[in-house]
Amino acid sequence: MKYTTIQEAMDKGGGEVFIRGWVYRERGSNKIKFIVLRDSTNIIQCVLKKDNFEKTWGEIDKIQIEASMTLKGTIKKDERAPTGYEVDINSYEVVGESDSYPITKDQSPEFLLDNRHLWIRSRKMVAIMKIRSAYGQAREEFFKKEGFFRFDTPVLQPMQSEGGSTVFEVKYYKQTTYLAQTWQLYGESAIFALEKVYNTGPTFRAEKSKTSRHLSEFWMVETEVAWWKLPEITEFAKKEIKYCIKQVAEECAEEFKLLEQDPKALIAMTKKVWPTIKYREALKLLKDKAGMSVKFGKDLRTIEEETLMKQFNTPVVVTHYPQEVMAFYKPKDPEHPDEALCFDMLCPVGLEIVGGSERSLDIKEMSENLKRDGENPEDYEFYFDLRRYGSVPHSGYGVGLERVIQWICGLDNIKDAIGFPRTMLRWTP
Ligand code: 4AD
Ligand code: MG
């Protein structure tokens, strides 16, 4: 007889089944043992009766949580069982015994992070990891359909890109190099060959902030397109996020329910128009609706992003942030030189999920910005070359994968949006 998954066994609904997995829960008396078995697909209740296992009852009695097993028996509907089915077991094998499992009820978040390698087996983490996986697969589908090329770039980079204050230095033989803060500068190089490119890669920021929305290592989905300007790139960013969320909400309805999120509401949200407003309009909304005065010239802080987004029930694109606080490659708007041709997308809970812009084509302006930020323009010669040999207008953006997962899964902390989080205070296991 062949193994099936637990889900397949339940879909079959009757007759003989052969399943394998790990003990999720166990309880028993001296006559009967209940084992709730889990595999990657679901959980199911199994019963082992002493009458059928006189010889090995001693072994069965000792089976602990997280032991791995194979089990054969007859499946039937049972309203009382956790997932509506029960298997009456007639043979079994313990494949790997389990020591007393350290994770019991009501553990502190820090304890669970110390035992992350075990905690990822929990139903909550499994649901999140499945949603994350589905999101990644949807994203690949989206870009393929849209005619983009996937372009892989180095993680070790000779320059700082997004500003030196959050860069991780790496000893590189006898030199120093940095962990990628962004894929962008290499993505920009590739558009002159491939025109529409994207990728997803690990991204590193030595963020000193210990917030619930910052990781030191996160995954960014980046896109760069030749010829496009701000209006096209912002609409495309909306299209990407809408597509991915709709796919994932359809595919992972059960996982969202387990996380107490409503997949139907997510799908409905993808069918609405997502507004685009200017930073200056955002300041006005903050003032008029919340009595909050923010001076032109500052990036929006968490409290301001959250307050602004209380006015909306879909994501919103905010464009034209003040040029002087933006990364060196974001160009001035020729009509309003104090504003940059850039955008962020904020989601309804107030998280910045996307950041992007048109790219400056002006070497002199970029050199000045770099000097303003304390960097050496000479390190960016390869990037300036892109403006010397057949330059074209172009734009791009980066999506913070964990931010999107945090939002759609309703997570308090971004750490749960990734298998093994890295923050200022957490780099193990
Ligand atoms: O706004 P950022 O810094 O933009 C860039 O790096 C551009 N070079 C992207 C591009 O145009 N190709 O980062 C993009 C997104 C943010 O909107 C946010 O969602 C996420 O990446 N992000 C972080 N997520 C988790 N932890 C952090 N420390 C993050 N920093 C940025
Ligand atoms: Mg940003």
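Keep in mind the model is a prediction, meaning the values are calculated, not measured. Indexing begins at 1, ligand by ligand and atom by atom, following the structure's order. Residues take their numbers from the sequence shown, with the count starting at 1.
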Select one of side chain, backbone, both or neither to describe which atoms of [X] lie under 4.0 Å from any atom of ligand 1, heavy atoms only.
| X | value |
| --- | --- |
| Val354 | backbone |
| His214 | both |
| Tyr397 | backbone |
| Glu224 | neither |
| Ile353 | backbone |
| Met220 | side chain |
| Glu217 | neither |

What residue and heavy atom of the protein are closest to [atom], and at what distance?
| atom | result |
| --- | --- |
| atom 12 (N) of ligand 1 | Glu222 OE1, 2.6 Å |
| atom 26 (N) of ligand 1 | Leu215 N, 3.0 Å |
| atom 11 (O) of ligand 1 | Arg359 NH2, 2.9 Å |
| atom 31 (C) of ligand 1 | Phe218 CZ, 3.5 Å |

**Prompt:** Do any pairs count as a ring-ring contact (aromatic ring centres under 6.0 Å, His included) and have a residue in residues 278-299, sequence neighbours left out, and if so which ones?
**Reply:**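 ring-ring contact (aromatic ring centres under 6.0 Å, His included) check on residues 278-299 returns Tyr279-Phe296, Tyr279-Tyr321.
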
**Asked** Does a sphere of radius 6.0 Å around CG in Asp288 hold more than 12 heavy atoms from other residues, nucleotides or ligands, not counting ones at 6.0 Å or beyond?
**Response**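 Buried by this count: over 12 neighbours within 6.0 Å.
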
**Message:** Tell me if the CD atom of Glu381 is crowded by more than 12 foreign heavy atoms within 6.0 Å.
**Reply:**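 For Glu381, atom CD is crowded (more than 12 foreign heavy atoms under 6.0 Å).
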
With respect to [X], determine whether any N or O atom, backbone or side chain, lies less than 3.5 Å from an N or O atom of ligand 1.
| X | value |
| --- | --- |
| Ser357 | no |
| Glu207 | yes |
| Thr223 | no |
| Ile414 | no |

Just checking, any donor-acceptor pair under 3.5 angstrom between side chains of [X] and [Y]?
| X | Y | value |
| --- | --- | --- |
| Ser395 | Lys229 | no |
| Tyr24 | Gln45 | no |
| Glu188 | Tyr383 | yes |
| Asn369 | Glu365 | no |

**Item:** Tyr186-Phe382 aromatic ring centre distance below 6.0 Å
**Value:**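 Ring centroids of Tyr186 and Phe382 are less than 6.0 Å from each other.
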
**Prompt:** Ring centres of Phe236 and Phe148 under 6.0 Å apart?
**Reply:**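 Centroid distance Phe236-Phe148: below 6.0 Å, so yes.
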
**Pairing of Glu368 and Arg372 as salt bridge, 4.0 angstrom limit** =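 No, Glu368 and Arg372 are not salt-bridged.
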
**Message:** Taking Arg213 first and then Glu305, would you say they form a salt bridge - that is, a charged N and a carboxylate O separated by under 4.0 Å?
**Reply:**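 Answer for the salt bridge query: yes.
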
Does [X] reach ligand 1, in the sense of a heavy atom lying below 4.0 Å from it?
| X | result |
| --- | --- |
| Lys330 | no |
| Glu352 | yes |
| Tyr329 | yes |

**Message:** Within ligand 1, which atoms have a heavy atom of Gly398 less than 4.0 Å away?
**Reply:**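 What qualifies from ligand 1 is 9 (C), 10 (C), 11 (O), 12 (N), 14 (C), 15 (C).
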
**Asked** Just which atoms of ligand 1 are under 4.0 Å from any heavy atom in Glu162?
**Response**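 Those atoms are 3 (O), 5 (C), 6 (O), 7 (C), 8 (N).
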
**Request:** Kindly identify the option in Glu402, Arg205, Met345, Glu188 whose heavy atom sits closest to atom 6 (O) of ligand 1.
**Result:**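 Selected option, by shortest heavy-atom distance: Arg205.
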
**Prompt:** To which of Gly355, Gly400, Gly396 does the heavy atom nearest atom 4 (O) of ligand 1 belong?
**Reply:**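 Heavy atom nearest to atom 4 (O) of ligand 1 belongs to Gly355.
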
**Message:** Distance check, rounded to the nearest 0.5 Å: Ile6 atom CD1 versus Asp39 atom CG?
**Reply:**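 Nearest 0.5 Å value for the CD1-CG distance: 3.5 Å.
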
**Request:** Check whether any side-chain heavy atom of Met326 sits under 4.5 Å from a side-chain heavy atom of Asp299, and report yes or no.
**Result:**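 The answer is yes, as the side chains (C-beta and beyond) meet within the 4.5 Å cut-off.
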
**Request:** Could you please spell out the steps behind the side-chain contact (heavy atoms from CB on, under 4.5 Å) verdict for Lys278 and His336?
**Result:** CA-CA 12 Å; Lys278 282 191 164 188; His336 304 274; 4.2 Å; yes

**Item:** Test side chain to side chain contact (heavy atoms under 4.5 Å, CB included) applied to Thr223 and Trp228, Tyr198, Trp183, the passing residue
**Value:**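 That would be Tyr198.
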
**Item:** Cut-off under 2.8 Å, centre the Mg ion (ligand 2), protein N/O/S atoms
**Value:**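 The answer, once waters are left aside, is Glu352 OE2.
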
**Request:** Indicate the atoms forming the closest heavy-atom contact of Met292 with Thr307, along with that distance.
**Result:**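 In this case the closest contact between Met292 and Thr307 is CE-OG1, 3.6 Å.
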
**Trace of the side chain to side chain donor-acceptor pair (under 3.5 Å) decision for Thr182 with Glu222** = CA-CA 8 Å; Thr182 178; Glu222 296 189 81; 2.7 Å; yes

